[in-house]
2 protein chains.
Amino acid sequence: MEKAITLSEKAPPAKPARSNRKVENREDKTRVRLSQQVIISTAADLFARNGFGATSLDDIGEALGVTKGALYYHIKNKEEILKLIFMTVLAVSEEPLRQIARAEIPPADKLNRAIAHHSAVAADRSPAMQVFYREDVHLTGPFAREIAARKKAYERLFEEIIEEGIRLGQFRQDIDPKIAAFGILGMCNWLSQWYRPGRAYNPQQIASFFSQLAEFGLVLQDEK
Amino acid sequence: MEKAITLSEKAPPAKPARSNRKVENREDKTRVRLSQQVIISTAADLFARNGFGATSLDDIGEALGVTKGALYYHIKNKEEILKLIFMTVLAVSEEPLRQIARAEIPPADKLNRAIAHHSAVAADRSPAMQVFYREDVHLTGPFAREIAARKKAYERLFEEIIEEGIRLGQFRQDIDPKIAAFGILGMCNWLSQWYRPGRAYNPQQIASFFSQLAEFGLVLQDEK
DNA sequence: CACAGATTCTACCGCATGTTTAAATAAATA
DNA sequence: TATTTATTTAAACATGCGGTAGAATCTGTG
């Protein structure tokens, strides 16, 4: 039962002076307690920056000051981390939009609020949102289908708001609601690609620009 | 100079009956001639569908009916395939937009054409565009910086068109040109995420909807 | 047909990665 | 303190991947 002989004999387990690790850990401030929450949060950052496939569990462990083995006490496997990130995004985005869609206010106001809501999610949860829209190809099986369905339902709410506006004669009749919904969603989603906190504008201001754009457009009407 | 002893002794080179492969190849129609072009085109499809990291050279070879070894006669390595995809996108998008930006026409017309151009690229080169905006994290070194710079220059052209419209008093004064440019670009870029050929609308029609949205918005002004 | 160059295949290497296991340690409890 | 439970480590594993080298095959040309 010979072991495979590799070329580079790694430094054999020379029982390195134990507890030299503890020193390192203590010095980098109070170590954050490991949990699903911090794992998926850290993982979302890394996935957003380097991609799901290019981020190893070693990377995640290193970012947390822990060996990758420790991660397995809190999560089932790598894909579950991804799944949890997707669930996080849906958890903060679905219900508020549903409430906006069924509120009893003019369609233009609904659109305003929907844009504000979605922009806020895209900006505040930027890493998770980037993962949500870039790494969906790595989901498999029933969960992948569920995410796709809920994503579509979410988009459909935007569509319905626009349909309502058209039906009530408040929105232009010559624009396809599905295309318009995709356009507006694309506008907001793109936020997560370029927005970084602490820049010139905050998410609310950006959302207000987007609302102006979506409602009235850029071109100055000769009003009156 | 012993080789490493592995556990599973692969079936030794038992010289399998040669030329059983040729039959397979002949039957699947006339085989496409291998070249950089078809490699990057096929790779773009696979990268777009499964991601760069999750697509192996074996996958690309299999899609082309060829072993991965053959690929290396035409390309240097995997990253070069990615680079060539990026170059393709820039090759078809940069120059036309520059011409639109410097044309002597009203800013609104420039914006129209820019949106039509960018939408067309996003729709027609959908796989390459998806790769362009999703897999940039896998570029390294000077090339990564060059792509980032040219991407920014491209966005800047949209921004300048809007600035011109504002300066000439033809666009609303209360919208930040940079934010508006990002919004419009996001709208178009998102196309490559959902557009599939042969659906209800073609790229020109979609672009026209987007132009309406960006210029006049959704809300019906009480004109008169 | 003979030859040369172009192209592809086969077989392999080294390495990184996701996952598992048992042992070691830390924290909680009594 | 003694014992149990929770958490982390260390080490190994199986696998798949990017990349390489040389043999094999194809293609065109004299």
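- Heavy-atom neighbours of B:Gln205 CD from other residues, nucleotides or ligands within 6.0 Å: above the threshold of 12.
- The CG atom of A:Asp58 sits 7 Å away from the P atom of C:dG18 (whole-angstrom rounding).
- Checked against D:dT9, C:dT10, C:dT7, the side chain of B:His74 finds its nearest nucleotide in C:dT7.
- For the pair A:Asn77 CG and C:dG18 P, the interatomic distance rounds to 11 Å; values are reported in whole Å.
- Closest contact between the side chain of B:Ala70 and the listed nucleotides D:dT8, C:dT8, D:dT9 involves C:dT8.
- Between A:Asp59 atom CG and C:dT17 atom P the separation is 7 Å, expressed in whole Å.
- Across the protein-nucleic acid pair, A:Leu57 atom CG and D:dT8 atom P stand 15 Å apart, rounded to whole Å.
- One atom, CG of A:Leu71, and another, C1' of C:dT19, lie 12 Å apart when rounded to the nearest Å.
- A cation-pi contact links A:Lys151 to A:Phe132, judged by a cut-off of 6.0 Å to the six-membered ring centre and 45° from its axis.
- With respect to B:Asp59 and B:Lys68, no salt bridge is recorded, no charged nitrogen being found less than 4.0 Å from a carboxylate O.
- A:Ser126 and A:Gln130 are linked by a side-chain donor-acceptor pair at a separation below 3.5 angstrom, with hydrogens and angles left out of the test.
- Whole-Å rounding puts the A:Glu62 CD to D:dT8 C1' distance at 17 Å.
- At a threshold of 4.0 angstrom between heavy atoms, the contacts of B:Thr67 include nucleobase atoms, whether or not backbone atoms are also involved.
- One interatomic measurement links the two molecules: NZ of A:Lys78 to P of C:dG18, which rounds to 4 Å at whole-angstrom precision.
- Within the 4.0 Å cut-off from OP1 or OP2 of D:dT8, not a single side-chain nitrogen or oxygen of A:Tyr73 is found.
- A straight line from CG of B:Leu64 to C1' of C:dC9 spans 15 Å, rounded to a whole angstrom.
- Cation-pi geometry between B:Lys78 and B:Phe52 is satisfied (NZ or CZ under 6.0 Å from the ring centre, within 45° of the ring normal).
- One can find a donor-acceptor pair under 3.5 Å joining the base of C:dT19 and the side-chain atoms of A:Lys68.
- No contact: B:Ser35 has no heavy atom under 4.0 Å from any strand.
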